[in-house]
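Notes follow once the structure below has been shown.
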Amino acid sequence: MESVLFQPLVDALASGQPQAVINAANLFNAADLAEFIEQNSEGDAGISLFKSLPLAQRAKVLGYTNPETQLVLTQATPLTELALLTAEMPSDDRVDFFNLLEEPRQKQLIRKLDEEDRDDLTALLAHAEGTAGALMSTDYAVFESGITASEAIDILRKTAEDKETIYQSYVIDEEQVLLGVVSLRRLIVAKPDAVIDSLLATGLVTTRTDTSQDDVARLIAKYDLLALPVLDEHNRLVGIITYDDAMDVIEAEATEDIHKGGSVSNLDTGITTASPFSLYRSRIQWLVILVFANIFTGAGIAHFEDIIGAHLALLFFMPLLVASAGNAGAQSATLVVRGIATGDVVNRDWLRLFNKELFVATALGLTMALTVWAVGMFRTEMVIATIVAITMIAVVLAGGLIGILLPLLLNRLGVDPAAASIPLITTIADVSGVLIYFSIATAILGT
């Protein structure tokens, strides 16, 4: 399907005619061209296409490619040409690309940029990674207070091509303090001589340069914003963050949480481009930790070897009970971790969630106990079936409460609650399940 989609590009590249390649490339948007280049980054086709594109189009396409491909595409680019290419990129993409380069290359490149681009890049680089300042773009439409609607539209005509968005334009005073925002619609329908200050929408949702990118993404999602103005400590407008950048943050955070939920350390690249060593490194740490954690399960079984030896039927139900405890814990942990991530759950909710889970887990345990008791009656004697049913209620309740409390505890300690991963929860539930099961069996059956 993909080969059919990109066939015009394949044919144009095969012809060897630069204009044919440009004409074919114009049939696709920048994201599609980036996809083709990434699919062919190890061969000549991707690089050939990239080099054939006009400078402005090349800069746009570069912003859509992944970091590894960006380095491949630009490593052989002469420094002067690379400076022109970097200057054409949107300011936020420019910062991301600059951070990929090694320090000697960074120093060489920054000296080649003109003063305006160099100052802009330096200012953006000063903000800490993961904050609004590092995420924002300085390519926004801005007007000074006092101009007319007609003058504002003339300014947009001249500058729109270089802006992230022109659907909303920001109005500032002489000190660059944000006064409000005016939409393109209001500018178009306003009388030409209307002063722009009379068209402003005020009471804007804004953020600070040091706000975390997670909070920025939540603000944009909560208020359905096209763009979020970023202010410095003096309420001066210094940038905007658009909804597409917020989507990238949400995707990255969701990916990181999913990795943590599976006890996988964060990968700097996708799985298809990651090296075998980086995949090994991202997984081995938790696997080794969980090996040692599971030793406690074995120790618990060894401790009750007398009761097990006397009633071998108990072993038949052990995997079922242990798995049920882990599954219940995994379910409740997933709900809490996601609730914390979306802001739906805060630490002070722990008692309310505990009481709710107490009821829900008990109901789940009772339902599962009835099922396993019926199975037990066919498989073994009534006393064993009853022990298994009682244990089912206890382990599901224990697993559910562990799954609720552990993420909240980690969050209280300032640790990412996603670190309360499913394997960690299930391991704790496994140990608890074994101890509960054989303790109940010992109490009823004796040693």
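Formation of a donor-acceptor pair under 3.5 Å by the D96 side chain with backbone atoms of D93 is not found in this model. Using a distance-only test at 3.5 Å, with no hydrogens or angles considered, no donor-acceptor pair links the side chain of T380 to the main chain of G376. Of the possible polar contacts, none joining the Q176 side chain to the V238 backbone as a donor-acceptor pair under 3.5 Å is found. R208 contributes a side-chain N or O that, together with a main-chain N or O of D232, makes up a donor-acceptor pair within less than 3.5 Å. Although no hydrogens or angles enter the test, the distance criterion places no donor-acceptor pair under 3.5 Å between the side chain of E38 and the main chain of T69. Using modelled atom types, no side-chain atom of N411 and backbone atom of P407 make a donor-acceptor pair closer than 3.5 Å.
The closest side-chain heavy-atom distance from L124 to S91 is below 4.5 Å. Using a 4.5 Å heavy-atom threshold, the side chains of T386 and W373 count as touching. Residues S432 and I428 meet the side-chain proximity criterion, which asks for heavy atoms closer than 4.5 Å. Looking at heavy atoms from C-beta onward, L62 lies in side-chain contact with F50 at the 4.5 angstrom threshold. For the pair I241 and L219, the minimum side-chain heavy-atom distance is 4.5 Å or more. Taking 4.5 Å as the limit, some side-chain heavy atom of D117 sits within range of a side-chain heavy atom of R94. A 4.5 Å side-chain heavy-atom check between F98 and L109 finds at least one atom pair inside the cut-off. Side-chain atoms of L135 and V249, non-hydrogen and from C-beta on, do get closer than 4.5 Å to each other.
L5 contributes atom CG, which lies 7.0 Å from atom CD of E35 (distance to the nearest 0.5 angstrom). Here OG of S145 is found 8.5 Å from CD1 of I196. Values are rounded to the nearest 0.5 Å. One distance of note links CD1 of I240 with CG of L226; it measures 9.5 Å at 0.5 Å rounding. With rounding to the nearest 0.5 Å, the separation of NZ in K60 from CG in L33 is 10.5 Å. Between the CG atom of L435 and the CD1 atom of I440 there is a distance of 11.0 Å, given to the nearest 0.5 Å. Between R105 atom CZ and T74 atom OG1 the span is 7.0 Å, to the nearest 0.5 Å.
Ring planes of F28 and F6: tilted class, angle from 30 to 60°.
The number of heavy atoms from other shown groups lying within 6.0 Å of CD (E233) is above 12. The number of heavy-atom neighbours closer than 6.0 Å to CZ of F304, taken from other residues, nucleotides and ligands shown, is above 12. When the shell of 6.0 Å around CD of Q106 is examined, it contains more than 12 heavy atoms from other residues, nucleotides or ligands. Within 6.0 Å of the CE atom in M247, the count of heavy atoms belonging to other residues, nucleotides or ligands does not exceed 12.
Proximity of the aromatic rings of F317 and Y437 is defined here by a centroid distance below 6.0 angstrom, and this criterion is not met.
With F97 as the partner, the side chain to side chain contact (heavy atoms under 4.5 Å, CB included) test is satisfied by one option alone out of T65, L82, D92, L85: L82. Each of I393, V396, L397 was compared with L366 under the side chain to side chain contact (heavy atoms under 4.5 Å, CB included) criterion, and only I393 meets it.
Scored by the salt bridge (charged side-chain N to carboxylate O under 4.0 Å, His left out) test, D139 finds no partners at all (sequence neighbours excluded). Applying the side-chain hydrogen bond (donor to acceptor under 3.5 Å, both in side chains) criterion to S212, with sequence neighbours excluded, gives D215.
D120 and T138 form a side-chain donor-acceptor contact under 3.5 Å, judged by distance and modelled atom types alone.
The two atoms that bring A369 and A389 nearest to each other are CB-O, 3.3 Å, heavy atoms only. Shown here for E164 and P90, the closest heavy-atom pair between the two residues is OE2-CB, 3.8 Å. Residues P67 and L100 approach most closely at CB-CD2, 3.6 Å, considering heavy atoms.
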Q: Check step by step if side-chain contact (heavy atoms from CB on, under 4.5 Å) holds for H234 and V177.
A: CA-CA 8 Å; H234 302 295; V177 173; over 6 Å; no
(Q) Walk me through whether L156 and K163 qualify under side-chain contact (heavy atoms from CB on, under 4.5 Å). (A) CA-CA 9 Å; L156 285 181; K163 304 304 179 186; 5.9 Å; no
Q: Applying side-chain hydrogen bond (donor to acceptor under 3.5 Å, both in side chains), run through T242 and D245 and close with a yes or a no.
A: CA-CA 5 Å; T242 53; D245 292 324; 3.1 Å; yes
Q: Go through the steps to decide whether V322 and M318 satisfy the test side-chain contact (heavy atoms from CB on, under 4.5 Å), and finish with yes or no.
A: CA-CA 6 Å; V322 167; M318 189 180 72; 4.1 Å; yes
Q: Go through the steps to decide whether V171 and I147 satisfy the test side-chain contact (heavy atoms from CB on, under 4.5 Å), and finish with yes or no.
A: CA-CA 10 Å; V171 179; I147 67 172; over 6 Å; no
